[in-house]
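Side-chain atoms are counted along with the backbone in the values below, which use heavy atoms only and exclude waters and symmetry mates. Ligands are counted one by one from 1 in listed order, and the atoms in each one are counted from 1 as well. All values derive from a computational prediction rather than experimental measurement.
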Amino acid sequence: MAKGSVAEFMDKIIAKNPGEKEFHQAVYEVADSLMPFIEKNPKYKQAKILERIAEPERVLMFRVPWLDDKGEVQVNRGFRIEMNSAIGPYKGGLRFHPSVNLGILKFLAFEQVFKNSLTTLPMGGGKGGSDFDPKGKSDNEVMKFCQSFMSELFRHIGPDTDVPAGDIGVGGREIGFLFGQYKRLRNEFTGVLTGKGRNWGGSLIRPEATGYGTLYFAEEMLKTKNDTMEGKVVTISGSGNVAQYATEKATQMGATVVSLSDSEGTVYDPKGIDEKKLAFVLELKNVKRGRIKEYASKYGCKFLPGKRPWGIKCDVALPCATQNEVDGNDAKALVKNGCICVSEGANMPSSPEAIDVFLKAKILYGLGKAANAGGVATSGLEMSQNSLRLSWTREEVDEKLHGIMVAIHEQCLKYGKENDFTNYMKGANIAGFVKVANSMLDQGVV
Ligand code: NDP
Ligand code: 2IT
């Protein structure tokens, strides 16, 4: 019964959204977890909730022309997917990367709906971005691009409508340029973006939040096995915002982080990336905007060109780079080498084959929409502080973030327990769905 309905549902999704393979993948994962639950609760089926959730409320696509440093005209494409506003204003990051297209942003916006629901905060789901590549661009070019991007986006967003933030290629620098242009066009100082600078409405701990949250979630998963992060060998992919603060928190918890990576390859440092080495990475990536292989030259360790970290022996793996960066063979290698826990800082980093391997091996598998929800949760806390015109201390924000990650873990247990095993994927998908679905039922056919 259930499998047949999933196939039927997916046929329609694929026919309606041709070529959007990441979107199909994200919808399939959720539909597969949810269908038995929906069959048991016909009110959702009758109201076509799943069909409605998979259709964005609104998709914006626009031209972003700008002048580069040579005075040449460049043309990029901008997007904002306003996916679901049943439980709050659209909320989700902006990604600037040459691979960005409609299907990738729709998958990210779809994931965001469930993730934001799990945070317990009142945020709907959205995502946006552009095929602009910030790599190799001057600060001036990045500013010109951001100003042009916001010159269209500003008419669609607002603190009670749609609140963008960062994602791949969008960090503090870009949020600053985007905020400056929004303020200039609207003549309003509001919390329209999150991830803002400390002096102009940003929340403490927002830069750290995704990475920290991924570790708080891993810790909760390990607790169910009477285990902790102390003494664990950890592999991390990526070397951007999420990877950096995942490294910091893992180290603070007593683990040894032995890898970081970027699109060119992996650095393997068996001695561990301690506080001092991490300070070098932060300067390298966030200020000099250099490549991670420079770490290997600096600290005399191995650089594995073109490789991902999953062949390295570890206890805990934290994929923190991008979608589908762990394939079936990577997952097999991780399990074979004794990995007991995967906590995803990135969005959908594990392919369907990899997820199958993790679930069959019954290791602790914390999927992105639960494990990386700390970032958007702290964005929600930034929105609260902006509305209150107050700012909370580091300790206050960190404590709230920690509490939210514990609550997300509890929701996964509630809906994902299967005898002696917790299927976090099923748990997160159902828990995220219920709140949005019930809100949609309350609000009628809209
Ligand atoms: P950054 O831009 O700061 O860093 C991205 C890192 O991932 C870089 O090291 C980059 O390497 C690597 N990477 C990106 N694309 C690829 C690719 N196609 N192949 C190999 N490596 C790649 O982004 P974030 O750290 O913010 O985001 C990382 C992941 O976490 C994404 O999946 C994002 O959606 C997710 N996420 C982010 C949140 C946030 O608050 N920032 C919140 C929740 C999830 P290179 O420099 O070579 O491109
Ligand atoms: O994927 C994500 O959750 C993010 N990029 C953060 C979104 C946000 O609004 O803080």
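When each of Arg394, Gln244, Lys249 is checked for a side-chain contact (heavy atoms from CB on, under 4.5 Å) with Glu208, only Arg394 meets the rule. Residue Thr194 forms a side chain to side chain donor-acceptor pair (under 3.5 Å) with just one option from Lys91, Gln385, Glu382, and that option is Lys91. The ring pair (Phe, Tyr, Trp, His ring centres under 6.0 Å) test with Phe149 is passed by exactly one of Tyr182, Phe96, Phe177: Phe96.
Applying the 4.0 Å criterion to heavy atoms of Gly238 picks out, from ligand 1, the atoms 9 (O). Here is the list of ligand 2 atoms found below 4.0 Å of a heavy atom in Gly92: 7 (C), 9 (O). Of all atoms in ligand 1, listed by their number and element, those nearer than 4.0 Å to a heavy atom of Gly345 are 30 (O), 35 (C), 36 (N), 44 (C). Close approach to Ala165 involves these atoms of ligand 2, each under 4.0 Å from a residue heavy atom: 8 (C), 9 (O), 10 (O). Close approach to Cys320 involves these atoms of ligand 1, each under 4.0 Å from a residue heavy atom: 28 (C), 29 (C). Within ligand 1, counting atoms from 1 as listed, the ones closer than 4.0 Å to a heavy atom of Asp167 are 26 (O), 33 (C), 34 (O), 36 (N), 37 (C). With ligand atoms numbered from 1 in the order given, ligand 2 contributes 6 (C), 8 (C), 10 (O) to contacts under 4.0 Å with heavy atoms of Arg206. For ligand 2, the atoms lying closer than 4.0 Å to a non-hydrogen atom of Lys127 are 1 (O), 2 (C), 4 (C), 5 (N). Residue contact check: Gly166 has heavy atoms under 4.0 Å from atoms 4 (C), 5 (N), 6 (C) of ligand 2. Near Lys135, meaning under 4.0 Å from one of its heavy atoms, ligand 1 places the atoms 45 (P), 46 (O), 47 (O), 48 (O). Taking every heavy atom of Ser261 and a limit of under 4.0 angstrom, the matching atoms of ligand 1 come to 9 (O). Those atoms of ligand 1 with a heavy atom of His97 less than 4.0 angstrom away are 15 (N).
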Show the numbers, then the answer: is there a side-chain hydrogen bond (donor to acceptor under 3.5 Å, both in side chains) between Thr322 and Glu325? CA-CA 6 Å; Thr322 193; Glu325 54 164 321; over 6 Å; no

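Counting heavy atoms only, Thr210 comes closest to atom 43 (C) of ligand 1 of the residues Thr210, Asn286, Thr194.
The protein atom (non-hydrogen) at minimum distance from atom 2 (C) of ligand 2 is Lys115 NZ, 3.2 Å. Looking only at heavy atoms of the protein, atom 19 (N) of ligand 1 is closest to Thr322 CG2, 3.9 Å. Nearest to atom 28 (C) of ligand 1 among the protein's heavy atoms is Ala321 O, 3.3 Å. The single protein non-hydrogen atom nearest to atom 10 (O) of ligand 2 is Ser379 OG, 2.5 Å, given as residue, atom name and distance. Protein heavy atom nearest atom 41 (N) of ligand 1, with residue, atom name and distance: Asn241 OD1, 3.7 Å. Closest to atom 7 (C) of ligand 2, if we only count protein heavy atoms, is Gly93 N, 3.5 Å. Considering only non-hydrogen protein atoms, atom 25 (O) of ligand 1 sits nearest to Val242 N, 3.0 Å. Of the protein's non-hydrogen atoms, Lys91 NZ, 2.6 Å is the one closest to atom 9 (O) of ligand 2. Closest to atom 23 (O) of ligand 1 among all protein heavy atoms lies Ile168 CA, 3.4 Å.
Only the side chain of Arg206 comes within 4.0 Å of ligand 1, judged by heavy-atom distances. The residue Glu264 has no part lying near ligand 1, judged by heavy-atom distances below 4.0 Å. Residue contacts with ligand 1, taken as heavy atom pairs separated by less than 4.0 Å, do not involve Ser237 at all.
When only modelled atom types and interatomic distance are considered, Arg308 and Thr266 share no side-chain donor-acceptor pair under 3.5 Å. No side-chain donor from either of Glu275 and Thr251 sits under 3.5 Å from a side-chain acceptor of the other. Counted by atom type alone, Lys285 and Asn241 present zero donor-acceptor pairs between their side chains at under 3.5 Å. Side chain to side chain, His402 and Tyr212 fail the donor-acceptor criterion of an N or O pair below 3.5 Å.
Note on Lys223 versus Glu220: salt bridge recorded, some NZ/NE/NH1/NH2 to OD/OE distance being below 4.0 Å.
Protein heavy atoms are absent from the space less than 4.0 angstrom from atom 10 (C) of ligand 1.
Distances shorter than 4.0 angstrom do not occur between any heavy atom of Met123 and any atom of ligand 2. Contact between Gly169 and ligand 1 is present, with at least one heavy atom of the residue lying under 4.0 Å from the ligand. Residue Arg95 places a heavy atom under 4.0 Å from ligand 1. Ligand 1 is never approached by Arg308 to a heavy-atom distance shorter than 4.0 Å. Contact annotation: Gln323 has no heavy atom less than 4.0 Å from any atom of ligand 1.
Counting heavy atoms of neighbouring residues, nucleotides and ligands inside a 6.0 Å radius, atom CZ of Arg173 exceeds 12 of them.
A donor-acceptor pair is defined here as one N or O able to donate and one able to accept, closer than 3.5 Å; such a pair exists between the side chain of Asn386 and the backbone of Gly201.
For the pair Asn372 and ligand 2, the shortest N or O to N or O distance does not fall below 3.5 Å. Residue Asn372 has no nitrogen or oxygen atom sitting less than 3.5 Å from a nitrogen or oxygen atom of ligand 1, judged on distance alone.
Lys271 forms no cation-pi arrangement with Tyr299, by the criterion of a distance under 6.0 Å to the ring centre and an angle within 45° of the ring axis.
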